[in-house]
Amino acid sequence: MTYQTITGGGRKKMYRKSLITILMTVCFLFGLISVGGAQEKLVVWIGGHVVEQEETWAKIVEDFEKQSGVDVEYRLIGFEVYYDSLVTAYEAGEPPDVCFADLGGWVPTFASQGWLEPLDDWLASWEGVDQIWENLWPTVTYEGKKYGLPWYTDCRLLLYNKIMFKEAGLDPDDPPQSWDELLEYAKLLTDASQMKYGYGVSGAMSETTTLGYMIFLFGAGGELLTSDYRQAAFNTSEGLEALKFYTDLYTKHQVSPPGTPGYTEDDYRTMMAQNRIAMAIGGPWSFPLIELANPEIKGNYMVATHPYLREPASVLGGWASVISATSQNKEIAWELLST
C-alpha cells in the first residue's frame with residue numbers, strides 16, 4: 001500500500017483516519033491467519049540413533065498429515081547432541097511441540113523444571129494404556145503425574161562375532177554365560193598382534209560406560225541406588241566386585257584394546273563389523289548400524305544374555321514422547337502421540 005498525503009484541511013484528516021482504520025483491519029486479519037496457522041502445524045524433534053529411523057518417521061509423518069490435515073515439521077537429531085539441543089531450546093522458551101525424551105531420567109528432570117505438560121487427563125480415556133509395559137510408567141512419572149508416553153523400550157545384551165568365534169575354535173551357538181566363561185572366551189579370542197580383542201570395555205566418560213558397569217553390577221547382585229533413589233547403593237562388596245572385574249578385563253587381562261579409555265559401544269560396533277572385536281554390549285539399535293559399517297557382517301553376529309556372576313541382568317532403555325508445556329498445539333500433539 002502506498003501512503004498518499006492529500007492536502008486540504010478536514011479532507012486530509014479524514015483520509016488519514018480511513019488509512020489507519022484499513023491498516024488496523026489488515027493487522028487484525030493477519031493475526032487471525034497467524035493464529036490459525038499455528039494450530040495447523042506441529043514441530044516434532046526425534047533423537048537417538050537416527051540412521052535407522054529416517055524411513056520410519058517419514059512414513060509416520062506422512063500418514064498423520066493425511067489423516068489429520070496438520071503440517072508436521074520434524075527433525076531427527078543425533079544422540080550425542082540431542083540432550084543439549086533440547087535443554088537449550090527449553091531454557092530459551094522455544095521448544096518443539098513434541099519431542100522424544102530418553103527413559104533414563106529425562107522426563108522427571110524436564111518435568112521438575114516445568115517444561116512438560118502432564119498427560120494424565122488424556123491417558124485416563126486412552127484405550128492404549130494397557131499396551132504399555134507397567135515397569136515403564138515410573139520412568140515418566142514425577143510427583144505422582146505422568147509426563148510422558150513410553151514409545152518403545154529395549155535392553156542391552158551381549159553382541160558377538162560368529163566369524164571370530166569360529167576362528168578361535170569356539171562354538172557360535174554356545175556363548176559364555178558366566179563371568180569365568182566370559183574371561184576364558186575373551187582370552188581365546190584376543191590376538192593383540194593381529195589387533196583382535198575378545199571383549200570391548202567402554203571406558204570413555206559417557207553413559208555407555210556407566211550402563212556397562214551397571215550390567216556387571218546387577219549381574220553380581222548389586223544395586224545402583226537405594227529404593228527411594230536418594231542415595232548410592234553400589235558402594236558395597238558387590239559393587240566393588242563388579243567394578244574390579246569390569247576394569248580388570250582391560251587393565252589386567254588386556255582382552256580389550258589399548259584405546260579402551262576413549263572407546264564406547266559405538267566404537268566397538270564398528271570394530272566388530274571389521275572382525276576386530278569379538279564381544280561387546282549392544283542392543284536393537286546396533287543391528288542396522290553394524291551392517292551399515294559392513295554389509296557382509298549380516299548373519300555373522302548374534303546376541304545372547306550378557307554373562308553374569310549371580311543372576312542374569314540388563315538395563316532397559318528407550319524413549320518416551322512428551323508435550324511441551326508452552327505448546328499452543330497440545331490437542332494436536334496428543335493426537336500424534338496416541339495415534
Side-chain angles (χ1 to χ4, degrees), residues 36-90 94-104 106-107 110-111 115-137 139-140 146-155 282-292 316-339:
Q39 294 176 343
E40 298 301 318
K41 182 177 181 179
L42 205 62
V43 178
V44 180
W45 286 11
I46 304 105
H49 295 290
V50 297
V51 174
E52 70 272 28
Q53 298 185 40
E54 292 179 358
E55 293 184 6
T56 299
W57 273 99
K59 178 63 174 174
I60 290 174
V61 169
E62 180 183 2
D63 290 346
F64 182 74
E65 288 181 332
K66 289 181 179 179
Q67 173 186 323
S68 65
V70 174
D71 179 33
V72 178
E73 176 187 315
Y74 70 104
R75 292 175 57 190
L76 298 174
I77 305 173
F79 184 79
E80 293 77 10
V81 298
Y82 184 51
Y83 180 83
D84 289 340
S85 299
L86 272 181
V87 170
T88 299
Y90 276 118
E94 298 180 351
D97 296 293
V98 173
C99 68
F100 264 21
D102 194 298
L103 292 179
W106 292 16
V107 178
F110 291 174
W115 293 343
L116 305 182
E117 183 73 12
L119 307 181
D120 299 82
D121 290 342
W122 285 305
L123 289 171
S125 58
W126 184 52
E127 60 184 15
V129 169
D130 292 338
Q131 300 177 24
I132 307 297
W133 185 33
E134 62 181 14
N135 288 7
L136 296 181
W137 289 116
T139 68
V140 296
K146 297 180 177 67
Y147 287 86
L149 181 62
W151 186 271
Y152 70 84
T153 188
D154 52 54
C155 67
W285 59 88
S286 303
F287 308 154
L289 296 173
I290 192 173
E291 292 170 16
L292 184 66
L316 70 82
W319 298 88
S321 299
V322 298
I323 299 174
S324 298
T326 56
S327 172
Q328 300 300 307
N329 306 303
K330 294 185 178 73
E331 291 292 339
I332 297 175
W334 171 253
E335 185 178 343
L336 174 63
L337 265 60
S338 59
T339 298

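As the structure is a computational prediction, the values presented were derived from the model and not from experiment. The first residue in the sequence is number 1, and the count goes up from there.
- For the residue pair Tyr90 and Ser324, a side-chain donor N or O sits within less than 3.5 Å of a side-chain acceptor on the partner.
- Tyr82 places a side-chain heavy atom less than 4.5 Å from the side chain of Trp45.
- Taking the charged nitrogens against the carboxylate oxygens, Glu55 and Lys59 have no contact shorter than 4.0 Å, which rules out a salt bridge.
- The shortest side-chain heavy-atom distance between Glu117 and Ser327 does not fall under the 4.5 Å cut-off.
- Residues Trp57 and Trp151 bring their aromatic ring centres within 6.0 Å.
- In this structure, CG in Leu337 is found 8.5 Å from CH2 in Trp126, a value given to the nearest 0.5 Å.
- Expressed to the nearest 0.5 Å, how far CG of Leu86 lies from CD1 of Ile77 amounts to 6.5 Å.
- Other residues, nucleotides and ligands contribute more than 12 heavy atoms inside 6.0 Å of the CG atom of Asn135.
- Summarising the geometry, atom CG belonging to Leu289 is positioned 9.5 Å from atom CD belonging to Glu291; distances are rounded to the nearest 0.5 Å.
- Between Val107 and Ala320, the closest heavy-atom pair is CG2-CB, 4.2 Å.
- Nearest heavy atom pair, residue Glu65 against residue Val72, reads OE2-N, 2.9 Å.
- Lys330 places no side-chain N or O within 3.5 Å of a backbone atom of Asp97 that could act as its donor or acceptor partner.
- Summarising the geometry, atom CG belonging to Leu76 is positioned 9.5 Å from atom OG1 belonging to Thr56; distances are rounded to the nearest 0.5 Å.
- Annotation for Pro150 and Gly148: closest pair CD-O, 3.6 Å, computed over non-hydrogen atoms.
- Counting heavy atoms from C-beta on, the side chains of Leu123 and Leu149 come closer than 4.5 Å.
- Heavy-atom minimum distance, Val98 versus Ala333: CG2-CB, 3.4 Å.
- Counting heavy atoms from C-beta outward, Phe64 and Val70 have side chains that approach closer than 4.5 Å.
- Put simply, the side chain of Ser68 does not reach to within 4.5 Å of the side chain of Ile332, judged on heavy atoms.
- Between Trp334 and Trp122, the ring planes are parallel. Angles under 30° get that label, and only those over 60° would be called perpendicular.
- Between the Glu127 side chain and the Ser125 main chain, no donor and acceptor come within less than 3.5 Å of each other.
- Here CZ of Phe287 is found 15.0 Å from CG of Leu292. Values are rounded to the nearest 0.5 Å.
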- Item | Worked check of side chain to side chain contact (heavy atoms under 4.5 Å, CB included) between Trp106 and Thr139 | CA-CA 9 Å; Trp106 292 16; Thr139 68; over 6 Å; no
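- The structure places CH2 of Trp115 at 10.5 Å from SG of Cys99, a figure rounded to the nearest 0.5 Å.
- Below 30°, between 30° and 60°, or above 60°: for Trp319 and Phe100 the angle between ring planes is below 30°, a parallel geometry.
- Two residues are said to be in side-chain contact when any heavy atoms from C-beta on lie closer than 4.5 Å; Ile46 and Tyr74 meet this criterion.
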- Item | Criterion side chain to side chain contact (heavy atoms under 4.5 Å, CB included) on Leu136 and Leu316, from CA distance to verdict | CA-CA 9 Å; Leu136 296 181; Leu316 70 82; 4.1 Å; yes
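- Panel note: side chain Asn329, backbone Lys41; a donor-acceptor pair is recorded below 3.5 Å.
- The minimum heavy-atom distance linking Gly317 with Leu103 is given by the pair O-CD1, 3.6 Å.
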